[in-house]
Amino acid sequence: MKFFPEKLSIPDRRMHPFIDPDEIWRYINEMKPDRVRVREIISKSLAKNRLTLAETAMLVNTTDNDLVEEIKAGARELKEKVYGNRIVLFAPLYVGNRCSNNCKYCGFRASNTNALRKTLSDEEIVSEVEALEDNGQKRLILVYGEHKEYSAEYIAHTVRLVYGVKKGQGEIRRVNINAAPFDIDGFRTIGKSGIGTYQVFQETYHPEAYTWYHLGGKKADYEWRLTSLDRAQEAGIDDVGIGALFGLYDWRFEVLGLVRHTNHLEACYNIGPHTISFPRIKDAAMLDMDGRYMVSDDDFMKLVAILRLAVPYTGLILTAREDPDVRREVLRYGVSQIDGGTKIELGSYSDIRNEAQNLNKEQFKIADERSLAEVIDELLSTGYLPSFCTSCYRMGRTGEHFMEFSVPGFIKRFCTPNAILTLSEYICDYAGPDLAAKGWAAIEREVSVLDPAVAQATRDRIDKIRKGERDLYF
Ligand code: SAM
Ligand code: SF4
């Protein structure tokens with residue numbers, strides 16, 4: 001495998017593998033934490049600057065408890081000061097679990113002959129989306145195995161199908177994708193269907209570990225996967241999400257890998273990833289792990305705080321793989337999106353039997369099975385503002401996360417009012433009386449601290465929503 005020499009020009013770096021494991025290990029081995037430096041690095045991030053690999057390496061090497069607490073406090077401060085208290089909500093929708101790959105950590109791997117394979121029919125997709133809309137969802141991520149049945153055309157078809165489902169006041173306003181990587185033409189086809197974010201996780205950035213875990217199929221090709229979002233960018237998809245599956249290899253390496261990937265996309269395409277995901281390995285059928293690298297809760301909190309500081313303007317996604325207690329804690333360190341009311345068995349949103357999780361039907365075990373209403377209730381009780389906003393995506397304001405971060409007043413003018421309006425819709429259409437009371441109280445609190453003109457415009461729109469108008473945004 002060839003890594004790009006520093007002398008390559010930016011255009012030449014495109015499509016080129018950008019991870020040099022020796023370089024990453026050199027940083028980890030050499031950057032010994034120093035109290036003064038760690039504090040300077042935290043301050044640099046609080047001044048809204050992305051951290052270098054060397055700086056990130058110093059943070060991942062920090063083990064002194066007091067200093068780790070300072071890193072976490074820095075992440076909390078950055079989140080509170082820059083992003084405020086909004087949390088965007090979404091749900092995953094598994095469309096098909098056929099898969100020709102053999103990833104040792106995944107219940108859908110081809111060699112799991114006990115897995116119950118299913119691809120939702122168009123009718124089933126519609127039923128699932130209707131059930132999701134009935135719960136109040138507005139943003140979905142569609143998930144697919146890697147299989148010839150799931151061609152770019154098929155994925156584009158399912159995206160269009162989902163956008164077309166309207167039940168009552170319900171509609172899905174943003175469809176994101178988590179699917180195998182395609183070639184440039186394939187990405188172009190999918191891009192035209194109007195997706196929000198295209199997510200592909202590298203799983204592990206370490207080439208040898210990658211080879212150990214990925215036994216067969218197209219996904220066994222590390223470089224094809226590593227350069228997938230370059231191809232997406234070339235195909236015009238500039239809203240992409242990256243991620244690492246924590247537990248496959250040393251978490252410190254993966255954090256640096258994610259930062260490297262971010263740098264690469266920024267350098268080559270002038271736009272970093274919209275989101276970073278950091279799933280932790282959960283139980284799955286035929287799970288086959290090198291157990292040395294499992295990530296403890298403490299390290300998990302720490303790594304999320306470090307990611308927040310390292311890439312201050314990138315969205316961070318936390319999923320229902322984690323239990324409610326862990327979610328509650330990690331949320332404080334800078335997470336911007338979570339799922340709620342999640343079910344990952346195919347067809348389970350519309351299945352009223354509500355069966356227990358079965359690992360031959362699911363990719364892995366989830367630990368937060370609360371309904372969307374319960375998640376929203378907890379968010380409101382703990383001072384967060386739940387949001388279903390999709391405004392930037394629909395107004396063509398790409399790079400919204402960067403705008404939120406860098407454009408003075410953007411959050412107060414756009415994000416908070418839009419969060420309030422989408423929460424108002426949710427309350428009117430889906431909330432029971434107790435949750436509604438809690439929601440309106442939170443909305444009143446939030447509106448009262450907005451700039452008077454924005455507050456008035458927001459109140460006017462809330463009145464319209466109460467009278468039945470929908471989809472009002474700034
Ligand atoms: N087939 C697509 C692919 O491989 O890119 C979609 C992947 S999967 C449906 C979404 C993500 O779930 C994977 O990229 C992986 O990071 C994660 N995942 C797989 N097995 C897992 C497990 N046992 N525990 C937690 N996350 C897992
Ligand atoms: Fe297939 Fe994705 Fe599971 Fe790998 S992680 S076996 S590619 S569904």
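For ligands, and for the atoms within them, numbers begin at 1 and follow the listed sequence. Fair warning: this is a prediction, and the values are worked out from it, not measured in the lab.
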S.K.: How far is atom 7 (S) of ligand 2 from its nearest protein heavy atom, and which residue and atom name does that atom have?
M.R.: Asn101 ND2, 3.2 Å

S.K.: Crowded around Glu149 CD? As in, over 12 foreign heavy atoms under 6.0 Å?
M.R.: yes

S.K.: Can you classify the ring geometry of Tyr150 versus Tyr144 as parallel (below 30°), tilted (30 to 60°) or perpendicular (above 60°)?
M.R.: tilted

S.K.: If you count the atoms of ligand 2 from 1 in the order shown, which ones are under 4.0 Å from a heavy atom of Cys103?
M.R.: 4 (Fe), 5 (S), 6 (S), 7 (S)

S.K.: Provide the number and element of each atom of ligand 2 under 4.0 Å from a heavy atom of Cys99.
M.R.: 1 (Fe), 6 (S), 7 (S), 8 (S)

S.K.: Just need the protein heavy atom nearest to atom 14 (O) of ligand 1, so name the residue and atom and give the distance.
M.R.: Glu203 OE2, 2.6 Å

S.K.: What's the spacing between Leu346 CG and Leu120 CG if we round to 0.5 Å?
M.R.: 5.0 Å

S.K.: Number the atoms of ligand 2 from 1 as they appear, then name those within less than 4.0 Å of a heavy atom of Arg109, with their elements.
M.R.: 6 (S)

S.K.: Between the side chains of Glu146 and Ser100, is a donor N or O closer than 3.5 angstrom to an acceptor N or O?
M.R.: no

S.K.: Compute the minimum heavy-atom distance from Val200 to ligand 1 and say whether it is under 4.0 Å.
M.R.: no

S.K.: Please state which protein non-hydrogen atom is closest to atom 10 (C) of ligand 1 and give its distance, to 0.1 Å?
M.R.: Asn178 ND2, 3.7 Å

S.K.: Answer yes or no: does atom CG of Asp325 have more than 12 heavy-atom neighbours from other residues, nucleotides or ligands under 6.0 Å?
M.R.: yes

S.K.: Please work out which of the three classes, parallel, tilted or perpendicular, describes the rings of Tyr94 and Phe108, given edges at 30° and 60°.
M.R.: perpendicular

S.K.: Taking the minimum heavy-atom distance to atom 2 (C) of ligand 1, which of Phe278, Phe246, Tyr144 ranks first?
M.R.: Tyr144

S.K.: Identify, for atom 27 (C) of ligand 1, the protein heavy atom at the shortest distance, and state residue, atom and that distance.
M.R.: Phe364 CD2, 3.5 Å

S.K.: Could you tell me whether atom 1 (Fe) of ligand 2 has an N, O or S atom of Cys106 under 2.8 Å away?
M.R.: no

S.K.: With a heavy-atom distance limit of 4.0 Å, tell me whether His214 approaches ligand 2 through its side chain, its backbone, both, or neither.
M.R.: neither

S.K.: Heavy-atom distances under 4.0 Å decide this one: backbone, side chain, both or neither, for Tyr105 against ligand 1?
M.R.: both

S.K.: Which of the atoms in ligand 2, numbered in the order shown and given with their element, are less than 4.0 Å from a heavy-atom of Lys219?
M.R.: 2 (Fe), 4 (Fe), 5 (S), 7 (S)

S.K.: Please compare His214, Arg280, Arg225 and report which has the shortest non-hydrogen distance to atom 3 (C) of ligand 1.
M.R.: Arg225

S.K.: Show the atoms of ligand 1 that are less than 4.0 angstrom away from any heavy atom in Gly145.
M.R.: 1 (N)

S.K.: Taking only heavy atoms of Ile281, which atoms of ligand 1 are found under 4.0 Å from at least one of them?
M.R.: 24 (N), 25 (C)

S.K.: In terms of atom number and element, which parts of ligand 1 are under 4.0 angstrom from non-hydrogen atoms of Ala284?
M.R.: 23 (N)

S.K.: Taking the six-membered ring for Trp and the full ring for Phe, Tyr or His, determine whether the centres of Tyr105 and His214 are under 6.0 Å apart.
M.R.: yes

S.K.: Starting from atom 8 (S) of ligand 1, find the nearest protein heavy-atom neighbour and note its residue, name and distance.
M.R.: Gln363 NE2, 2.9 Å

S.K.: Any side-chain donor paired with an acceptor under 3.5 Å for Asp122 and His157?
M.R.: yes

S.K.: So if I apply the salt bridge (charged side-chain N to carboxylate O under 4.0 Å, His left out) rule between Glu322 and each of Lys365, Lys282, Arg327, which one comes out positive?
M.R.: Lys282

S.K.: Between the side chains of Arg139 and Asn176, does any donor sit under 3.5 Å from an acceptor?
M.R.: no

S.K.: Which atoms from ligand 2 have a heavy atom of Gln363 less than 4.0 Å away?
M.R.: 3 (Fe), 5 (S)

S.K.: Just to confirm my output: which protein heavy-atom neighbour is closest to atom 9 (C) of ligand 1, and how far is it?
M.R.: Val143 CG1, 3.0 Å

S.K.: Starting from atom 4 (O) of ligand 1, locate the nearest protein heavy atom and write down its residue, its atom name and how far away it is, to 0.1 Å.
M.R.: Lys219 NZ, 2.8 Å

S.K.: For ligand 1, is there an N or O atom under 3.5 Å from any N or O atom of Asp283?
M.R.: no

S.K.: So is Glu203 touching ligand 2 or not, going by heavy atoms under 4.0 Å?
M.R.: no

S.K.: For atom 24 (N) of ligand 1, find the nearest protein heavy atom and state the residue, atom name and distance (0.1 Å precision).
M.R.: Lys282 N, 2.9 Å

S.K.: Tell me whether Arg321 has any N or O atom under 3.5 angstrom from an N or O of ligand 1.
M.R.: yes

S.K.: Going through the checks in order, is the salt bridge (Lys or Arg N to Asp or Glu O under 4.0 Å) test met by Lys343 and Glu345?
M.R.: CA-CA 6 Å; Lys343 295 184 181 186; Glu345 183 182 322; over 6 Å; no

S.K.: For Arg14 and Tyr269, which I'm curious about, is there any donor-acceptor pair between the side chains at under 3.5 Å?
M.R.: no

S.K.: Once you measure the plane-to-plane angle for Tyr205 and Phe18, does it fall in the parallel (<30°), tilted (30-60°) or perpendicular (>60°) bin?
M.R.: tilted

S.K.: Between Gln202 and Ile242, is any pair of side-chain heavy atoms under 4.5 Å apart?
M.R.: no

S.K.: Going by the angle between their ring planes, with limits at 30° and 60°, are Phe253 and Tyr249 parallel, tilted or perpendicular?
M.R.: perpendicular

